[in-house]
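Chain identifiers are assigned alphabetically (A, B, ...) following the order of the sequence lines, protein sequences preceding nucleic acid strands; residue numbering begins at 1 within each chain.
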Amino acid sequence: MITREDVKRVCELSKLTLSEEELDGMLADMEAIVAFADTINAVEIDEEGLPPFQTIQNAFRPDEVIPSLPPQEILKNADGGENGYFAVGKTF
Amino acid sequence: MSVSSRIRGLHELLAAKKISAAELTKAYRSAIEKHNEALGAYVSTSFETAEKAAEQADKRIAQGDELPLLWGIPMALKDNISTTGLSTTCCSKILSGYTPIYDATLWERLKAQGAVLLGKTNMDEFAMGSSTETSCYFPARNPHDPTRVAGGSSGGSASSVAANLAAYSIGSDTGGSIRQPASFCGIVGFKPTYGRVSRYGLIAYASSLDQMGPLAPTVEDAAIIYSAIAGYDPKDSTSSQLPVSPVDLSGDIRGLKIALPQEYISGVGEEAKAAILAAVKTYESLGAIVEEISLPSASYSLPVYYILACAEASSNLARYDGIRYGYKAEQYTDLDDMVCKTRTQGFGKEVQRRILLGNYVLSAGYYDAYYKKAQNLRRVIIRDIENIFEKYDAILTPTVPSTAFELGFAPSDPVETYLTDICTVTANIAGLPGISLPCGTDSKGLPIGMQLMAKRFEDSRLLKIAHAYEQAAGEVCKKIDLLNF
């Protein structure tokens with residue numbers, strides 16, 4: 001059973017700020033979704049013949065240096081950045 | 001009436017110089033300018049670059065070179081596929097103003113084949129939804145009845161192809177987002193095997209489930225596009241190094257064994273059921289053997305899917321912080337407040353819901369009960385599917401339990417909306433290739449789709465099986481063509 005406190009906590013973890021009213025709506029939605037997710041708890045797992053977790057092999061490329069994206073281009077989406085860095089406002 | 005490839009038809013017109021790529025592009029442009037407001041298929045267009053690309057394509061055509069089938073043909077990409085210099089927003093406010101500085105590998109490959117990009121198509125925000133109503137712009141509408149949804153999340157891609165506002169389009173499919181809108185709009189939607197098409201440049205939703213693929217008028221069109229985009233990419237470590245089997249649609253399917261899981265047949269409406277059973281008869285008339293089977297894991301594949309997809313989404317979407325790209329809140333007190341305000345103002349309600357659910361199932365105290373259990377059940381589903389493919393070549397199901405619903409229908413209970421994906425999520429969970437193709441219409445004339453799935457990396461064979469039905473059945477639903485040339 002998901003509680004209002006649980007939703008508040010995951011809001012903090014998710015960096016989302018919900019008003020008290022929005023929290024009520026979200027709690028109702030999450031109660032329904034979590035009850036739906038809970039249906040898997042009734043399923044017993046028969047381990048026999050289960051495939052491994054990872055059925056797909058990583059396909060690594062050769063360890064060779066290839067050109068990277070130009071920093072000045074990347075920073076265009078961040079208002080140009082400052083001195084070649086991403087910039088954030090004052091934090092202290 | 002037989003079903004013929006739109007791409008091949010246009011290719012022949014271009015090669016015979018009966019029309020130029022530039023003229024074709026202009027014709028698509030004017031059709032989009034006239035009809036897009038009513039359909040909401042495109043969220044941005046790139047007509048000027050398209051016209052330049054078409055002129056370049058025409059130069060090669062003029063030389064009389066033998067050119068790829070896709071050469072000079074106008075098409076569309078879903079708005080979550082990165083295109084250098086062209087806005088790519090996932091139809092989310094949080095990516096407003098974002099312009100990629102690199103191309104998705106898929107788009108690089110299509111460009112090399114001479115594809116002409118008309119624009120970016122509408123979608124549910126971050127591909128989270130089944131009706132393209134969570135788009136931050138406007139909903140995409142169904143060309144068969146514009147009061148109804150085009151499906152989702154690749155609703156704009158499906159609508160554009162169904163109305164011929166693009167010759168074909170590319171969508172992405174995490175739990176059915178190519179196949180479900182294809183079914184609603186009466187076209188073909190193909191999700192290749194996980195790892196068969198590079199995901200580099202596809203903005204991530206749930207990385208272990210996401211796959212791009214074609215939405216097209218016919219199976220042959222889907223096969224032509226698939227052949228152009230499939231194959232290993234060093235930029236995507238989950239792309240497969242297995243060679244791509246060439247697609248051969250010719251030959252019969254006599255003796256082929258198709259499994260029909262009862263769990264998916266019993267849950268659909270009467271009209272969809274009748275259409276599926278008629279398709280079974282068609283397959284039998286072609287010499288295939290169709291047998292009813294049971295797939296017990298069908299009952300929990302949907303909660304498993306939502307737990308895993310939301311968990312992966314909560315992690316993938318953590319990158320949107322207002323610092324590196326996209327929307328940034330204007331007023332804030334400190335860094336943490338800026339990040340929180342940016343995310344709260346930038347993400348829509350459905351995306352927020354899925355991020356919260358994802359972080360909930362991953363958080364201490366709940367991880368084992370939800371995320372770990374779902375991961376284990378994913379293995380059970382994969383095992384059950386592998387067992388079926390020991391005896392059968394393909395699995396046949398409806399694509400969606402219903403036909404396209406009216407806009408604004410979205411039930412107040414989100415779980416009810418999630419049920420739309422019941423037949424499609426298995427292919428994503430198990431990484432299988434899955435295709436939806438039209439198999440009839442309901443009493444309102446709305447298209448009904450059926451889904452076929454095959455073993456991993458048997459994409460070519462799956463296309464052949466789908467093609468055999470399509471050719472035998474002929475046109476099963478009304479065709480809409482808004483292109484005028």
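For the residue pair B/D210/B/S207, the side-chain donor-acceptor check at 3.5 Å is not satisfied.
With a 4.5 Å cut-off on non-hydrogen atoms, A/I66 does not touch chain B at all. Looking at A/N58, both its backbone and its side chain come within 4.5 Å of chain B, counting heavy atoms on both sides. Neither the backbone nor the side chain of A/L75 comes within less than 4.5 Å of any heavy atom in chain B. Residue A/A35 does not touch chain B at all, counting heavy-atom pairs closer than 4.5 Å. The contact between B/I307 and chain A is made entirely by side chain atoms (from C-beta outward), counting heavy-atom distances below 4.5 Å. Contact annotation for A/S14: both backbone and side-chain heavy atoms come within less than 4.5 Å of a heavy atom of chain B. With a threshold of 4.5 angstrom between heavy atoms, A/D38 approaches chain B through its backbone and through its side chain. Contacts of B/K235 with chain A are absent, with no heavy-atom separation under 4.5 Å from either backbone or side chain. Contacts of B/S314 with chain A are absent, with no heavy-atom separation under 4.5 Å from either backbone or side chain. Both the backbone and the side chain of A/I33 come within contact range of chain B, with heavy atoms under 4.5 Å apart. For chain B, the nearby parts of A/V43 are the backbone and the side chain; heavy atoms of each come within less than 4.5 Å. Proximity to chain A (any heavy atom under 4.5 Å) is shown, for B/L362, by neither the backbone nor the side chain.
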TODO: Given side-chain hydrogen bond (donor to acceptor under 3.5 Å, both in side chains), test B/Y194 with B/R199 step by step and report yes or no.
DONE: CA-CA 9 Å; B/Y194 182 81; B/R199 291 184 296 109; 3.1 Å; yes
Task: Derivation and outcome, side-chain hydrogen bond (donor to acceptor under 3.5 Å, both in side chains), residues B/E125 and B/S92 - done: CA-CA 5 Å; B/E125 183 181 2; B/S92 177; 2.7 Å; yes
Open item on the list: One pair to check against salt bridge (charged side-chain N to carboxylate O under 4.0 Å, His left out): A/E73 and A/K76. What are the steps and the verdict?
Closed with: CA-CA 5 Å; A/E73 286 292 308; A/K76 277 186 187 165; 2.9 Å; yes
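Listed options B/D334, B/T238, B/L377 were ranked by heavy-atom pairs under 4.5 angstrom with chain A; first place goes to B/L377. Contact count versus chain A (heavy atoms, under 4.5 Å) is highest, among B/L335, B/L356, B/D337, for B/L356. When each of B/G431, B/A369, B/S299, B/A318 is checked for heavy-atom pairs under 4.5 Å with chain A, B/A369 comes out on top. Note: B/Q375 leads B/Q375, B/R378, B/K341 in heavy-atom pairs under 4.5 Å with chain A. Most heavy-atom pairs under 4.5 Å with chain B, from the set A/L13, A/L69, A/I74: that is A/L69. Contact count versus chain A (heavy atoms, under 4.5 Å) is highest, among B/Y370, B/Y325, B/Y306, for B/Y370. When each of A/I2, A/V7, A/T39, A/D79 is checked for heavy-atom pairs under 4.5 Å with chain B, A/I2 comes out on top. Contact count against chain B (heavy-atom pairs under 4.5 Å) is highest for A/T17 among A/T17, A/D46, A/D6. Highest contact tally toward chain A, considering only B/Y366, B/Y300, B/Y360, is held by B/Y360 [criterion: heavy-atom pairs under 4.5 Å]. Note: A/I40 leads A/I40, A/V34, A/L18 in heavy-atom pairs under 4.5 Å with chain B.
The distance from atom CD1 of B/I385 to atom CG of B/L295, rounded to the nearest 0.5 Å, is 5.0 Å. Summarising the geometry, atom OH belonging to B/Y205 is positioned 6.0 Å from atom OG1 belonging to B/T174; distances are rounded to the nearest 0.5 Å. Expressed to the nearest 0.5 Å, how far CG of B/D233 lies from OG1 of B/T105 amounts to 3.5 Å.
At a threshold of 4.5 Å between non-hydrogen side-chain atoms, the residues A/C11 and A/M26 do not count as touching. You'll find the side chain of B/R343 reaches within 4.5 Å of the side chain of B/V339, heavy atoms only. Between B/L317 and B/R354 there is no side-chain heavy-atom pair separated by less than 4.5 Å.
Between B/Y200 and B/Y102, a ring centre-to-centre spacing shorter than 6.0 Å is recorded.
Side chain of B/Q241 to backbone of B/Y232: no donor-acceptor contact under 3.5 angstrom is found.
When the shell of 6.0 Å around CZ of B/R383 is examined, it contains more than 12 heavy atoms from other residues, nucleotides or ligands.
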